[in-house]
Amino acid sequence: MSPVQVAAAELMSLRPVPGFGTKTIYRGVAPQTTDAAYAGQLRLRGITTLIDLREPREIPHEPLGDIAGLRYRGIPLYCGQNPSDRTLSQNQRLLLDGRGARLVAALRVIAQPAEGNTAVVCQSGGKRTGLVIALLLEAMGVARELIIADYASAVREPGYGLPGHVANTLNGTLDWLVENYGSVTGYLLSKGLTGAELHRLLELGTHARASTVRPLVASS
């Protein structure tokens with residue numbers, strides 16, 4: 001594809017995450033260049049905060065942080081490790097077991113009061129972004145089938161199999177979290193998310209379960 005076509009595809013990859021009411025959370029592929037067209041499309045979508053989960057070596061010479069008016073937060077998840085030789089399940093466990101504080105840091109940015117919408121991006125818009133969004137939606141009480149469908153639609157790397165296998169892998173990982181931490185919210189709280197931050201996240205959504213959040217807030 002030409003540079004123009006690549007830029008257009010990157011912009012089209014920014015799609016809204018289901019389940020939010022008071023603001024919109026976008027997910028997608030991080031751009032390879034940060035030109036005026038991309039900045040303009042961010043403004044058109046009302047995106048004022050961007051969470052970049054890429055490693056420093058993946059970021060081009062024109063960082064997204066240079067876009068005027070954009071609240072940029074770089075939170076690399078792999079911390080220099082190369083996960084390409086791991087299965088999708090192993091990749092998810094690597095992040096959940098060893099990068100819990102960074103996953104929570106990404107959710108903490110979403111929870112912080114700020115004007116405008118938020119976008120979460122990584123190199124392919126799939127595994128890293130998908131896991132952060134899946135944790136967020138599971139904590140918010142969004143139906144599991146919607147969560148895994150959203151994840152499977154974004155993870156399209158051939159080495160990880162067909163969408164059905166990708167969906168089953170995430171479902172198994174979320175079940176593992178529930179078995180070991182009681183719930184996804186239990187996992188997030190154990191990794192440093194506060195009850196107040198969790199409450200703010202739930203207030204953003206249309207699936208908030210206030211009755212289950214109050215005890216968590218009171219105990220934090």
Side-chain angles (χ1 to χ4, degrees), residues 3-80 95 99-137 139-140 142 147 150-151 153-156 188 191-193 197-198 200-205:
V4 172
Q5 290 172 319
V6 170
E10 291 166 346
L11 291 171
M12 289 298 292
S13 83
L14 284 174
R15 57 189 180 86
V17 175
F20 288 86
T22 58
K23 68 186 297 184
T24 302
I25 307 297
Y26 288 89
R27 57 171 301 166
V29 178
Q32 295 305 304
T33 60
T34 55
D35 56 15
Y38 189 85
Q41 287 298 320
L42 292 179
R43 287 192 291 271
L44 184 64
R45 289 167 169 81
I47 295 171
T48 57
T49 300
L50 192 142
I51 302 168
D52 190 346
L53 306 177
R54 293 176 296 175
E55 299 298 297
R57 57 181 169 76
E58 297 176 297
I59 299 174
H61 296 300
E62 303 145 342
L64 291 168
D66 289 347
I67 296 178
L70 182 66
R71 180 172 167 252
Y72 175 82
R73 296 293 183 270
I75 306 174
L77 290 187
Y78 289 144
C79 302
L95 295 177
R99 307 291 184 269
R102 288 177 178 266
L103 292 168
V104 164
L107 296 179
R108 182 170 288 125
V109 174
I110 296 174
Q112 290 172 354
E115 295 294 328
N117 299 321
T118 298
V120 185
V121 301
C122 63
Q123 188 74 356
S124 66
K127 300 187 298 295
R128 286 168 282 186
T129 296
L131 186 59
V132 168
I133 297 301
L135 293 173
L136 174 59
L137 295 180
M140 289 169 55
V142 174
I147 298 171
D150 180 71
Y151 181 86
S153 70
V155 179
R156 297 181 175 273
L188 295 174
K191 300 300 180 181
L193 192 73
E197 289 167 338
L198 176 61
R200 286 200 297 270
L201 286 174
L202 294 183
E203 287 180 331
L204 298 176

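Sequential numbering from 1 along the given sequence is applied to the chain's residues. Values reported hereafter were calculated over all heavy atoms of this structure, with side chains retained and with hydrogens, waters and symmetry mates removed.
- The heavy-atom pair separating Pro76 from Glu55 by the smallest distance is CB-OE2, 3.4 Å.
- Contact of the Val121 side chain with the Leu14 side chain is registered, since non-hydrogen atoms from C-beta on lie closer than 4.5 Å.
- Considering all non-hydrogen atoms of both residues, Ile67 and Ala39 come closest at CG2-CB, 3.8 Å.
- Counting heavy atoms from C-beta outward, Val109 and Arg71 have side chains that approach closer than 4.5 Å.
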Checklist line | Worked verdict on Tyr26 versus Asn117 for side-chain hydrogen bond (donor to acceptor under 3.5 Å, both in side chains) | finding: CA-CA 8 Å; Tyr26 288 89; Asn117 299 321; 4.7 Å; no
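- Val132 is not listed as a side-chain neighbour of Ile51, based on a closest heavy-atom distance of 4.5 Å or more.
- The line from CZ of Arg73 to CG of Leu50 is 11.0 Å long, rounded to the nearest 0.5 Å.
- Between Lys23 and Thr118 there is a side-chain heavy-atom pair separated by less than 4.5 Å.
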Margin query: Between Gln41 and Arg45, is the side-chain hydrogen bond (donor to acceptor under 3.5 Å, both in side chains) condition met? List the steps.
Written below: CA-CA 6 Å; Gln41 287 298 320; Arg45 289 167 169 81; 2.9 Å; yes
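- Side-chain atoms of Arg99 come within 3.5 Å of backbone N or O of Leu77 as a donor-acceptor pair.
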Next item on the list: Please test Gln112 against Thr49 for side chain to side chain contact (heavy atoms under 4.5 Å, CB included), starting from the C-alpha separation and ending with a verdict.
Entry: CA-CA 10 Å; Gln112 290 172 354; Thr49 300; over 6 Å; no
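- Val120 is listed as a side-chain neighbour of Ile110, based on a closest heavy-atom distance under 4.5 Å.
- Looking only at side-chain heavy atoms (C-beta outward), Leu53 and Tyr78 stay at 4.5 Å or farther from each other.
- Annotation: side chain of Cys122 is not in contact with side chain of Lys127 (no heavy-atom distance under 4.5 Å).
- Considering every non-hydrogen atom in both Ala139 and Leu198, the closest pair reads CB-CD1, 4.4 Å.
- Of all heavy-atom pairs spanning Arg27 and Gly125, the tightest one is NH2-O, 3.1 Å.
- In this structure the side chain of Val142 never reaches within 4.5 angstrom of the side chain of Pro18, judged on heavy atoms.
- Between the OH atom in Tyr72 and the OG1 atom in Thr48 there is a gap of 15.5 Å [rounded to 0.5 Å].
- The two residues Glu197 and Gly192 have their closest heavy-atom pair at OE1-O, 4.1 Å.
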